[in-house]
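Step one of this worksheet: look at the structure below.
Throughout, protein chains are lettered first and strands after them, A, B, ... in sequence-line order, and every chain is numbered starting at 1.
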Amino acid sequence: MTGNAARWENSSAARRSRRGRPYPPAFYERDTELVARELLGAVLECHTGDGVASGRIVETEAYLGPHDPACHAVAGVTERTRHLHGPPGTAYVYRIYGMYWCFNAVTQPEGIGAAVLVRAVEPLAGLDLMRARRPRAMRDRDLTNGPGKLCTALGITGDMSGALLDSPPVVLRRGDDVPDVDVRRSPRIGITRAADWPLRWLVAGSEYVSKTPGQFRVQTV
DNA sequence: ATCCGGATCGCCT
DNA sequence: GGCGATCCGGATG
């Protein structure tokens with residue numbers, strides 16, 4: 001465990017952190033793989049003028065910083081990656097393929113350029129809102145089983161990038177912790193560089209994880 | 001100024 | 001499983 005991790009585990013903020021409480025910045029200012037693992041089971045919640053929608057995180061990926069060839073931080077600090085290099089516990093929301101948004105929680109000390117991508121959630125609240133935003137989803141699991149889909153369903157957009165995640169419009173709360181026996185890891189999805197690094201975390205057996213091309217090398221933790 | 005490829009999705013076969 | 005939609009950042013000339 002890293003020094004930062006120990007600092008979090010021993011902190012009064014950690015002891016105060018209970019189910020339903022937003023994570024403070026100290027939670028995120030740690031090893032990115034650890035944060036990706038621990039965000040399984042957390043609740044991602046988005047507030048808009050239409051109301052509140054939320055879901056339980058069942059799939060995450062770690063993007064480690066400039067030394068990770070698949071991480072946007074390899075480009076350095078640019079207009080696009082500005083918020084990736086922001087303080088821990090803030091949002092990095094970027095547009096992909098010209099059409100969709102992807103949501104990340106920034107990790108590590110400010111300026112590193114590391115983050116956790118949320119790839120899938122299990123819908124919890126605001127199902128009517130999500131169905132209205134994604135009218136083509138035939139089943140409820142199709143509302144949020146992909147990083148672009150969940151942003152559309154929850155209402156997460158680029159103007160929320162840079163915002164602290166302990167208060168609206170986007171809030172990440174501690175949920176029911178997922179025990180190690182229910183956690184799996186695999187390589188990350190949809191990337192070409194560092195494609196074999198096992199930096200994707202999933203809740204075993206969840207119906208709500210994103211579709212995987214073929215069968216992955218999946219390991220227990 | 002131009003080109004290329006991408007942390008995706010939905011529809012097609 | 002393959003492909004088109006659609007756009008921007010970064011690289012190249």
- Message: Need two values: the first and the last nucleotide of DNA chain B, 5' to 3', having an atom under 4.0 Å from any heavy-atom of chain A.
- Response: dG6(B) to dC11(B)
- Item | Secondary-structure stems for DNA chain C, with pairs counted as Watson-Crick or G-U when both distances are under 3.5 Å and runs at least 3 long | B:1-6 with C:7-12, B:8-12 with C:1-5
- For atom P, what is the distance between dT2(B) and dT6(C), given to the nearest Å? 22 Å
- Is R134(A) touching bases, backbone alone, or none of the nucleic acid, heavy atoms closer than 4.0 Å? sugar-phosphate
- Query: Do D180(A) and R37(A) sit within salt-bridge range, that is, some charged N less than 4.0 Å from a carboxylate O?
  - Reply: yes
- Check ion pair R30(A)-E38(A) (N to O, under 4.0 angstrom): yes
- Task: Rounded to whole angstrom, note down the P distance from dC3(C) over to dG5(B).
- Result: 15 Å
- Message: Has T107(A) got a side-chain atom pairing as donor or acceptor with T32(A)'s backbone, closer than 3.5 angstrom?
- Response: no
- When all nucleic acid strands are considered with a 4.0 Å heavy-atom cut-off, which category describes I96(A): base, sugar-phosphate, or nothing? sugar-phosphate
- Message: Could you check whether R119(A) makes a cation-pi contact with F103(A), meaning its NZ or CZ is under 6.0 Å from the centre of the six-membered ring and within 45° of the ring axis?
- Response: no
- Query: Nearest nucleotide by nearest heavy atom, which residue falls closer to the 5' end of DNA chain B, A137(A) or A70(A)?
  - Reply: A70(A)
- With sugar-phosphate meaning primed atoms plus P, OP1 and OP2, does R136(A) contact a base, only sugar-phosphate, or nothing at under 4.0 Å between heavy atoms? sugar-phosphate
- Message: Taking transitive links into account, so neighbours of neighbours count too, which hydrophobic residues share a cluster with L164(A) at under 4.5 Å side-chain distance?
- Response: none
- Salt bridge or not for R131(A) and D140(A), using N-O below 4.0 Å? yes
- Are R184(A) and W201(A) in a cation-pi contact, defined as NZ or CZ under 6.0 Å from the six-membered ring centre and within 45° of the axis? no
- Item | Sidechain N-carboxylate O distance under 4.0 Å for D128(A), R133(A) | no
- Which is true for A75(A) with a 4.0 Å heavy-atom rule: it touches a base, it touches only sugar-phosphate, or it touches nothing? sugar-phosphate
